[in-house]
Amino acid sequence: MAEEEDKVTEEKPSGGKKKLIIFIVLAIVLIGASIGGTLFAVKMLSPEPEVAQELDEDGNPITGAEEEEVKGPAIYFPLKPALIVNYDVRGRQRFLQAEISVMTREEDVINAVEIHMPMIRNNLILLFSGQTYDELQTDEGRELLKQDSLKELQNIMEQEIGKPGIEKILFTNFVMQ
């Protein structure tokens, strides 16, 4: 009998371990099924995201055939020599020296800038000399001058070649003394 009791006690722990392993596996399966079911339900119930579309001026979506051409690489052209303008500030002579480059993406605009360089330089010198020396010492004043210069050059290009052509004006050197 003592031998039978030893066998019974030996079998019980292994049976308990089997039950524990079965419960752990069952718990993992239930947790996995719960997570999977939740993800499936969220995916099925959530609305599909809307794709953002560009609209034309009439408010209609732009299709692939109507999209603009891809812009070419930027072309920088320096306006040489530097522009020098003098100012009379409280009886004292002051100077502004500005080296300017224009940015465009079209070679024909660069050719037009070279051809019309005398008119461009004249209009920029008149624009620069009409500014006050004190305003040009501020960042806002220089930015305003940059914007006015861009508008002036775009107006010249519009008159001469029928399109603005110039995207940006860059001050590569701006010295005031």
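We're numbering straight along the sequence, starting at 1. Side chains included, hydrogens not; waters and symmetry mates left out as well; all remaining heavy atoms used.
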> How many angstroms lie between CG in L145 and CG in L124, if you round to the nearest 0.5 Å?
Replying inline: 8.5 Å

> Would you say Q177 has more than 12 foreign heavy atoms packed within less than 6.0 Å of its CD?
Replying inline: no

> Does any non-hydrogen side-chain atom of Y87 lie less than 4.5 Å from one of Q131?
Replying inline: yes

>> If I compare all heavy atoms of R105 with all of A74, which pair ends up nearest, and what's the gap?
In response: NH1-N, 3.4 Å

>> If I compare all heavy atoms of R121 with all of P81, which pair ends up nearest, and what's the gap?
In response: NH1-O, 2.6 Å

> What's in the same ILVMFWY side-chain cluster as I115, cut-off under 4.5 Å, chained through other members?
Replying inline: none

> If you take all heavy atoms of R142 and Q137, which pair is closest and at what distance?
Replying inline: NH1-O, 3.2 Å

> Quick one: do I120 and L150 end up in the same hydrophobic cluster if we chain Ile, Leu, Val, Met, Phe, Trp and Tyr together by side-chain heavy atoms under 4.5 Å apart?
Replying inline: yes

> Shortest non-hydrogen contact from A112 to M157?
Replying inline: CB-SD, 4.0 Å

>> Just so I know, are the side chains of I100 and F171 near enough to count as touching, which here means a heavy-atom distance under 4.5 Å?
In response: yes

> Would a hydrophobic clustering, with Ile, Leu, Val, Met, Phe, Trp and Tyr connected at side-chain separations under 4.5 Å, put M176 with L144?
Replying inline: no

> Would you find a donor on one side and an acceptor on the other, under 3.5 Å apart, between the side chain of T38 and the backbone of S34?
Replying inline: yes

> Can you tell me how far the CG atom of D139 sits from the NZ atom of K146, to the nearest 0.5 Å?
Replying inline: 11.0 Å

> Hey, does the side chain of N122 reach the backbone of P118 with a donor-acceptor pair shorter than 3.5 angstrom?
Replying inline: no

> How many angstroms lie between atom CD1 of I28 and atom CZ of F23, to the nearest 0.5 angstrom?
Replying inline: 14.0 Å

>> Count I, L, V, M, F, W, Y as connected when their side-chain heavy atoms are under 4.5 Å apart, and connections chain through other members. Are L30 and I21 then in the same cluster?
In response: no

>> Can you tell me which residue among L136, V85, N86, V89 is in a side-chain contact (heavy atoms from CB on, under 4.5 Å) with R94?
In response: V89

>> Taking the side chain as everything from C-beta on, heavy atoms only, tell me whether K168 gets closer than 4.5 Å to V102.
In response: no

>> Test of understanding: with salt bridge (Lys or Arg N to Asp or Glu O under 4.0 Å), list the residues that count as partners of D134, not counting sequence neighbours.
In response: R90

> Could you state the interatomic distance from CD (Q97) to CZ (F95), rounded to the nearest 0.5 Å?
Replying inline: 11.0 Å

> How far does OH of Y76 sit from CD1 of I110, to the nearest 0.5 angstrom?
Replying inline: 11.0 Å

> Can you get from M119 to V113 by hopping between Ile, Leu, Val, Met, Phe, Trp and Tyr side chains that sit under 4.5 Å apart?
Replying inline: yes

> Between Q154 (side chain) and I166 (backbone), is there a donor-acceptor pair under 3.5 Å?
Replying inline: yes

>> Could you tell me if the side chain of K80 sits less than 4.5 Å from the side chain of E99, heavy atoms only?
In response: yes

>> Within the 4.5 Å heavy-atom criterion, are I84 and I125 side-chain neighbours or not?
In response: no

> Heavy-atom distance under 4.5 Å between the side chains of V175 and L96, does that happen here?
Replying inline: no

> Side chains of N123 and L127: does their closest heavy-atom pair fall under 4.5 Å?
Replying inline: no

> Under the salt bridge (Lys or Arg N to Asp or Glu O under 4.0 Å) rule, what pairs show up with a residue in residues 154-164, not counting sequence neighbours?
Replying inline: E106-K163, D108-K163

> L79 and M117: which non-hydrogen atoms are nearest, and at how many Å?
Replying inline: CD2-CE, 3.5 Å

>> With a 4.5 Å cut-off on side-chain heavy atoms, are P78 and T172 touching?
In response: no

>> Check for me, please, whether F77 and V109 land in the same ILVMFWY cluster - side-chain distances under 4.5 Å, paths through other members count.
In response: yes

> Where is the tightest heavy-atom contact between T138 and G141, given as atom of each residue plus distance?
Replying inline: OG1-N, 3.0 Å

>> Once rounded to the nearest 0.5 Å, what's the spacing between atom OG of S149 and atom CG of L170?
In response: 11.5 Å

